[in-house]
Amino acid sequence: PPRRGPRSKVRVRRRKKGTRANLILKADKLWADLVKWKGICEFSKEGLFPDAYPHECWGPHQAQHGISRRKFGTRWILLNGFEGCQRSHAYWGHHQELWGLLLAEAWGPLVAEEMARLANMKLMIHLETIIYSLERVSGQERTDIHAKVLALRPEIKETTLPNPVVVGWY
């Protein structure tokens, strides 16, 4: 290897904002933490959907996407997230037709239609804005978020969804 002289130059690098992959990982982690904070499987007896899939909870809790996470238009919308145990996540992953029926029932036809529309749109996603919105929501009191999400789910049948870039809605 070449020897360095006594006055070798030290290259100073500017701090990068982050690669797209790193920003996506950060947004996914923030979204999952917000979805999983209750600590209850939403498909268990204590959850929001006790009759959807009667089971004994097993495994760690996971954040489940209502509409596939491959669809960036709905990937980080909090309403698109459900907390479930590992067993329920595997069950719903293998029964996609039933999952679609559950989503239509849980969201109501207008919201399910709007979520499907957002999922199929080709959007330019601004990841820094999504991360900022998720951080802002995670900084609020958890009980306030939970109360707002629970209050919104039954009434959501008459509303439409906002722009997916504003992720902090509930």
Side-chain angles (χ1 to χ4, degrees), residues 23-116 118-119 125 127 129-170:
L23 292 173
I24 288 172
L25 287 174
K26 185 173 183 177
D28 284 343
K29 173 139 180 44
L30 286 167
W31 179 86
D33 289 345
L34 284 168
V35 170
K36 294 189 305 186
W37 76 271
K38 293 180 291 265
I40 296 172
C41 175
E42 293 191 45
F43 308 100
S44 67
K45 295 172 188 159
E46 299 85 23
L48 293 174
F49 310 103
D51 300 329
Y53 168 57
H55 69 288
E56 291 295 321
C57 286
W58 180 83
H61 284 210
Q62 301 171 344
Q64 301 172 214
H65 285 84
I67 295 177
S68 173
R69 61 183 292 206
R70 285 177 274 173
K71 307 288 186 174
F72 280 81
T74 54
R75 185 170 180 163
W76 297 288
I77 294 178
L78 293 177
L79 187 65
N80 191 35
F82 298 89
E83 180 178 1
C85 64
Q86 186 175 356
R87 179 173 284 162
S88 71
H89 201 167
Y91 174 82
W92 292 116
H94 293 295
H95 298 88
Q96 290 293 313
E97 302 83 22
L98 294 174
W99 180 244
L101 294 173
L102 175 72
L103 291 178
E105 183 181 323
W107 289 337
L110 292 176
V111 174
E113 196 174 296
E114 183 69 10
M115 289 285 270
L118 287 174
I125 302 297
L127 291 167
T129 304
I130 290 172
I131 290 170
Y132 172 77
S133 298
L134 288 170
E135 286 173 341
R136 198 181 76 208
V137 171
S138 67
Q140 295 179 7
E141 284 295 316
R142 300 291 179 155
T143 53
D144 293 344
I145 296 169
H146 184 56
K148 289 176 183 177
V149 169
L150 289 180
L152 180 63
R153 280 198 172 154
E155 299 167 6
I156 201 149
K157 293 175 178 141
E158 293 87 35
T159 62
T160 58
L161 296 175
N163 186 331
V165 174
V166 185
V167 178
W169 71 282
Y170 27 80

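- Interatomic distance, OG of S138 versus CH2 of W37, reported as 12.5 Å (0.5 Å rounding).
- No side-chain heavy atom of T74 sits under 4.5 Å from any side-chain heavy atom of L79.
- Atom CD of E105 sits about 8.5 Å away from atom CZ of F49, to the nearest 0.5 Å.
- Residues K45 and E56 are in side-chain contact: their nearest non-hydrogen atoms beyond the backbone lie under 4.5 Å apart.
- Using a 4.5 Å heavy-atom threshold, the side chains of Q64 and S88 count as touching.
- Between W99 and F82, the ring planes lie perpendicular to each other; the angle is over 60°, past the 30° to 60° tilted range.
- Residues I77 and W31 form no side-chain contact, since every pair of their non-hydrogen atoms from C-beta on lies 4.5 Å or further apart.
- Distance alone, capped at 3.5 Å, places no donor-acceptor pair between the E83 side chain and the Q62 backbone.
- Between Y91 and Y53, the ring center distance clears the sub-6.0 Å criterion.
- Here the shortest heavy-atom pairing between F43 and G84 reads CD1-CA, 4.4 Å.
- N80 places no side-chain N or O within donor-acceptor distance of the main-chain N or O of H65, the cut-off being under 3.5 Å.
- For the atom pair K38 NZ and H61 NE2, the distance stands at 11.0 Å (nearest 0.5 Å).
- L98 CG to L103 CG: the interatomic distance, rounded to the nearest 0.5 Å, is 11.0 Å.
- Side-chain atoms of L30 and W76, non-hydrogen and from C-beta on, never get closer than 4.5 Å to each other.
- In this structure, I125 and L127 have side chains that are in contact, with non-hydrogen atoms separated by less than 4.5 Å.
- Between C85 and C41 the shortest heavy-atom distance is N-SG, 3.4 Å.
- More than 12 heavy atoms of other residues, nucleotides or ligands lie within 6.0 Å of CD in Q86, so this atom counts as buried by the packing criterion.
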**Request:** Mind running salt bridge (Lys or Arg N to Asp or Glu O under 4.0 Å) on K26 and E135 for me, showing each step along the way?
**Result:** CA-CA 10 Å; K26 185 173 183 177; E135 286 173 341; 3.4 Å; yes

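- Between the CD1 atom of I130 and the CZ atom of R75 there is a distance of 9.5 Å, given to the nearest 0.5 Å.
- In this structure, CG in L78 is found 6.0 Å from CG in L134, a value given to the nearest 0.5 Å.
- No side-chain heavy atom of S133 sits under 4.5 Å from any side-chain heavy atom of V137.
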